[in-house]
Protein chains: 2
Amino acid sequence: MENIDDKDLKLLKLLQNNAKLTVKELAREISLSLSPAFERVKRLENEGYIKKYAAILNAEKLNRGFTVLCQIKLKIHDKSVGNDFVKQILKIDEIVECYNISGDYDFFLKVQAKDMKHYQDFVFNTLGCVDAIGSTHSTFVMAEVKNSHGLNM
Amino acid sequence: MENIDDKDLKLLKLLQNNAKLTVKELAREISLSLSPAFERVKRLENEGYIKKYAAILNAEKLNRGFTVLCQIKLKIHDKSVGNDFVKQILKIDEIVECYNISGDYDFFLKVQAKDMKHYQDFVFNTLGCVDAIGSTHSTFVMAEVKNSHGLNM
DNA sequence: CCTGAAAAAACCTTAGG
DNA sequence: CCTAAGGTTTTTTCAGG
């Protein structure tokens, strides 16, 4: 893994916050001229520091403003059941994140639904069809206090 | 709130996945010519469907690949303590997300640290200095199974 | 690492259908 | 909604220090 300096880090911060900044603007921010700034951005992209550029969408306006944190226990802890579970999780749109976790539960899901009614339907009719699931525990998000959409550096 | 059609939805999906697509490419994908495609994107931006454009960074390469889900109970449940807590949370870099939640705990944090050692230091020296906190419970992420970095539509 | 120039591409607007 | 044109800006490359 290669090294990055303060200017690279600043570029990453700036682009994380606003991917539409032009090379000219970035160059000014890091006190370099256009060419080296451009080269740095390309290097950060090529070396994988920047995974991709994405539009951050408004979940509320797209009927996905109801966030639930859902913990899951598998019925049986073997490889094939786990693989089966993962395969199904990947196909479910409401699940935006899934982590294999330590503790009493096996998986942690972040679910984005329209509202409580939608979530109930999701639990019964979507999760309910995932055979590997033993039990679930839902925690409801009442308010989003902080969401950096990335790293704070 | 205005309505969006299938083409708008497709634009949002495409841009969520890759914000660097040109208007020409987007136009081709939704089978429209350049001008209306351009107008649609601007409309989606202006009406707030697109909150911003961001570079998605590689947490691993930036020494933030160790993810912990941390639940927090406040000492006292009054407005000033809550506000105080929130104000401090916003300033802590390792905390990338924070939600006010239902259930036994009051807040849910997603923490990105370098490694366990860094996390331990974070719990003792950073969270340890947040006066409002009554108790914490850490759940460690062993593997990221799914992360859409947005909505699945 | 830098400056500066310049080609190529994309953006954005406007006019007309 | 479309095409087409044209100015502006940005991207990208390249020569030379």
Side-chain angles (χ1 to χ4, degrees), chain A residues 1-64 148-153, chain B residues 1-64 148-153:
Chain A
M1 195 173 300
E2 309 78 14
N3 256 339
I4 61 174
D5 63 17
D6 286 356
K7 290 182 195 296
D8 290 326
L9 202 58
K10 188 153 187 195
L11 286 176
L12 292 172
K13 279 190 223 183
L14 290 164
L15 288 170
Q16 183 178 238
N17 194 255
N18 179 10
K20 289 293 187 197
L21 290 172
T22 65
V23 176
K24 191 195 283 188
E25 291 167 314
L26 293 170
R28 183 162 34 78
E29 290 286 344
I30 60 170
S31 305
L32 286 182
S33 67
L34 217 132
S35 312
F38 177 77
E39 290 305 327
R40 277 168 182 266
V41 172
K42 288 301 147 195
R43 188 169 52 77
L44 292 169
E45 289 170 9
N46 292 332
E47 290 179 358
Y49 288 93
I50 296 171
K51 292 208 280 195
K52 66 171 181 172
Y53 295 94
I56 308 297
L57 306 184
N58 187 329
E60 199 72 52
K61 295 201 91 162
L62 294 163
N63 292 327
R64 287 288 210 284
S148 313
H149 294 294
L151 304 171
N152 305 117
M153 300 178 295
Chain B
M1 194 173 303
E2 311 80 14
N3 255 339
I4 60 173
D5 64 15
D6 287 355
K7 289 181 195 295
D8 290 326
L9 203 57
K10 187 154 187 193
L11 286 175
L12 292 173
K13 279 189 223 183
L14 289 163
L15 288 170
Q16 182 178 237
N17 193 253
N18 179 10
K20 289 293 186 196
L21 291 171
T22 64
V23 176
K24 191 194 284 186
E25 292 167 315
L26 293 169
R28 183 162 32 79
E29 290 286 344
I30 61 169
S31 305
L32 287 183
S33 67
L34 219 132
S35 313
F38 178 79
E39 292 304 327
R40 279 169 182 265
V41 173
K42 289 301 145 196
R43 189 170 50 77
L44 292 169
E45 290 171 6
N46 291 333
E47 289 179 359
Y49 289 93
I50 296 170
K51 292 206 281 195
K52 67 170 180 172
Y53 295 95
I56 307 297
L57 306 184
N58 187 329
E60 198 71 52
K61 296 201 89 162
L62 294 162
N63 293 325
R64 287 288 211 280
S148 313
H149 293 295
L151 303 171
N152 305 116
M153 299 177 299

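So you know, we letter chains A, B, ... as the sequences are listed, proteins then strands, and number each from 1.
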Nearest whole Å is fine: how far is [N] [atom2] from [X] [atom1]?
X	N	atom1	atom2	answer
B:R40	C:dC12	CZ	P	18 Å
A:L26	D:dT12	CG	C1'	15 Å
B:K24	D:dC2	NZ	P	16 Å
B:L21	D:dT10	CG	P	20 Å
A:F38	D:dT11	CZ	C1'	6 Å
A:K42	D:dT12	NZ	C1'	8 Å
B:Y53	D:dT10	OH	C1'	16 Å
B:E25	C:dA10	CD	C1'	10 Å

Can you give me the closest heavy-atom contact between [X] and [Y], atom names plus distance?
X	Y	answer
B:K20	A:A19	NZ-O, 3.5 Å
A:E47	B:K61	O-NZ, 2.6 Å
A:I4	A:R43	CG2-NH1, 4.4 Å

Original post:
On DNA chain D, nearest-nucleotide positions of B:K20 versus B:D5: which is more 5'?
Top reply: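 In this pair, the answer is B:D5.
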**OP:** At under 4.0 Å between heavy atoms, which parts of nucleotides 3-9 of chain C does protein reach? Answer with one letter per nucleotide, 5' to 3': B base, S sugar-phosphate only, - none.
**Re:** BB-----
Original post:
Any sub-3.5 Å donor-acceptor pair from A:K7's side-chain atoms to A:I30's backbone N or O?
Top reply: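 Present.
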Original post:
Distance from A:I50 atom CD1 to B:L57 atom CG, nearest 0.5 Å?
Top reply: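 If we round to the nearest 0.5 Å, A:I50:CD1 and B:L57:CG are 6.5 Å apart.
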**OP:** Considering only NZ, NE, NH1 and NH2 on the basic side and carboxylate oxygens on the acidic side, decide whether A:E39 and A:K42 come within less than 4.0 Å.
**Re:**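 No.
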